[in-house]
Amino acid sequence: MRVEIWSDIACPWCYIGKARFEKGLESFAHRDDVEVVHRSFELDPGHAKDEVASVVDMLATKYGRSREEALAMEEQVASQARSEGLGYRVGDRDHGSTFDIHRLLHLAKARGRQDALLNVLYRTNFAEERSVYDTETLVDLAVEAGLDEAETRVLLADPDAFADDVRADEREAAELGATGVPFFVLDRRYGVSGGQPAEVFTQALEQAWQGRAITAVGDDPAVTCDADGACEIPGAHSHS
């Protein structure tokens, strides 16, 4: 059985959802028969390549909040991440275009290193004091994940390399009705939206394996990032 996961490295719920899915998969009896493929979804496809800003400033602008309120929103997501055993740095992360990152993930897929690269990208973006929007950092992370440095540099210098693959993933997401990420497609028959609890993923895997309709597809908007880049955060729409 194949599970395809549409996600973006800039999406905190994708980071959390990957960890929860993997816990759910661990509890699935046929886990060794599941192939996981990660697909591209840009939350902000119109973002200029060289324009990098603070996540906190972006959140404050998007939700019409002060920096202090935006920091509090980040802390709420951080608590969710930490409850899954994930590192999460609040306050000074960067936000920028993820198109080159998605292109690099397609190279990693071709080399059998996609999951390894995604893990180091998530860790760096959310838990470390490095920016994934810096070319030299991307090269270092690619090498850490097992990719060839020279091949990585060639790809990053060529804006057309794997660009069609990224866009094909994004068109497919639209055709499948995905309006936010993470979005999980099980065996091209069933979908699960959002960073749901691990047990929801286990149930979905079991039901997909048995060929029955999934009853819990995860319709909580507070565990997804939508197509215009907004990541719903509990309490984000209520002023204190």
Side-chain angles (χ1 to χ4, degrees), residues 1-22 24-25 34-49 55 58 62 77 95-110 113-119 121-122 125-126 132-133 155 159-197 200-201 204-205 207-208 213-233:
M1 184 166 69
R2 172 181 281 196
V3 176
E4 296 161 279
I5 307 173
W6 273 263
S7 61
D8 193 357
I9 196 68
C11 163
W13 290 112
C14 297
Y15 177 46
I16 295 167
K18 184 177 189 295
R20 290 176 174 173
F21 169 77
E22 288 171 352
L25 179 62
V34 175
E35 175 194 11
V36 179
V37 178
H38 297 279
R39 300 213 179 272
S40 300
F41 190 108
E42 291 173 275
L43 287 174
D44 192 0
H47 200 97
K49 177 180 177 179
V55 165
M58 181 273 292
K62 184 175 293 293
V77 180
H95 174 76
S97 169
T98 57
F99 190 69
D100 283 351
I101 293 172
H102 284 297
R103 294 194 303 112
L104 186 57
L105 282 164
H106 275 278
L107 171 64
K109 178 185 175 185
R113 305 304 300 165
Q114 188 184 47
D115 192 66
L117 178 59
L118 194 58
N119 285 335
L121 285 167
Y122 276 138
N125 187 49
F126 289 103
V132 295
Y133 304 102
L155 176 140
D160 294 325
F162 289 101
D164 288 344
D165 300 81
V166 175
R167 296 185 182 109
D169 276 358
E170 294 176 336
R171 283 195 303 272
E172 204 161 11
E175 291 166 3
L176 290 168
T179 58
V181 285
F183 185 66
F184 302 78
V185 176
L186 289 68
D187 226 20
R188 280 300 165 118
R189 292 181 294 173
Y190 309 118
V192 180
S193 177
Q196 303 296 327
V200 171
F201 288 116
L205 288 162
Q207 292 177 336
I214 290 177
T215 55
V217 296
D219 57 1
D220 181 356
V223 291
T224 60
C225 296
D226 67 27
D228 71 358
C231 297
E232 291 290 340
I233 300 167

Spatial distance of atom CZ (F21) from atom SG (C14) [nearest 0.5 Å]: 13.5 Å
Full working for side chain to side chain contact (heavy atoms under 4.5 Å, CB included) between Y15 and N125: CA-CA 10 Å; Y15 177 46; N125 187 49; over 6 Å; no
Side chain R2, main chain D187, donor-acceptor under 3.5 Å: no
L205/V3 under side chain to side chain contact (heavy atoms under 4.5 Å, CB included): CA gap, chis, key distance, verdict: CA-CA 9 Å; L205 288 162; V3 176; 3.9 Å; yes
Identified side chain to side chain contact (heavy atoms under 4.5 Å, CB included) counterpart of K18 within the set V36, I5, N119: N119
Test ring pair (Phe, Tyr, Trp, His ring centres under 6.0 Å) applied to F183 - qualifying residues, sequence neighbours left out: none
From CA spacing to verdict: side chain to side chain contact (heavy atoms under 4.5 Å, CB included), E22, D115: CA-CA 12 Å; E22 288 171 352; D115 192 66; 4.0 Å; yes
Name of the residue among D8, D169, D165 meeting salt bridge (Lys or Arg N to Asp or Glu O under 4.0 Å) with R39: D169
Side-chain touch F162/L107, heavy atoms, less than 4.5 angstrom: yes
Between S40 and H106: side-chain donor-acceptor atoms closer than 3.5 Å: yes
W13 side-chain N/O to V77 backbone N/O, donor-acceptor pair under 3.5 Å: no
Closest non-hydrogen atom pair, Y122 against C11: CE2-O, 4.4 Å
Gap separating the CZ atom of R171 from the CG atom of L176, nearest 0.5 angstrom: 13.0 Å
Pair Q196-F201, side chain to side chain contact (heavy atoms under 4.5 Å, CB included): steps then yes or no: CA-CA 7 Å; Q196 303 296 327; F201 288 116; 4.1 Å; yes
Short side-chain to backbone donor-acceptor contact, R20 and G195, under 3.5 Å: yes
T98 OG1 to D44 CG distance, which is reported to the nearest 0.5 Å: 8.0 Å
Straight-line distance of L155 CG to L104 CG, nearest 0.5 Å: 6.0 Å
Interatomic distance, M58 atom CE to H95 atom NE2 [nearest 0.5 angstrom]: 4.5 Å
Close side-chain approach of H102 and D100, heavy atoms under 4.5 Å: no
Considering all heavy atoms, the nearest A163-F99 contact: CB-CZ, 3.7 Å
Approximate separation, where rounding is to 0.5 Å, of E42 CD and E170 CD: 4.0 Å
All ring pair (Phe, Tyr, Trp, His ring centres under 6.0 Å) counterparts of Y133, not counting sequence neighbours: none
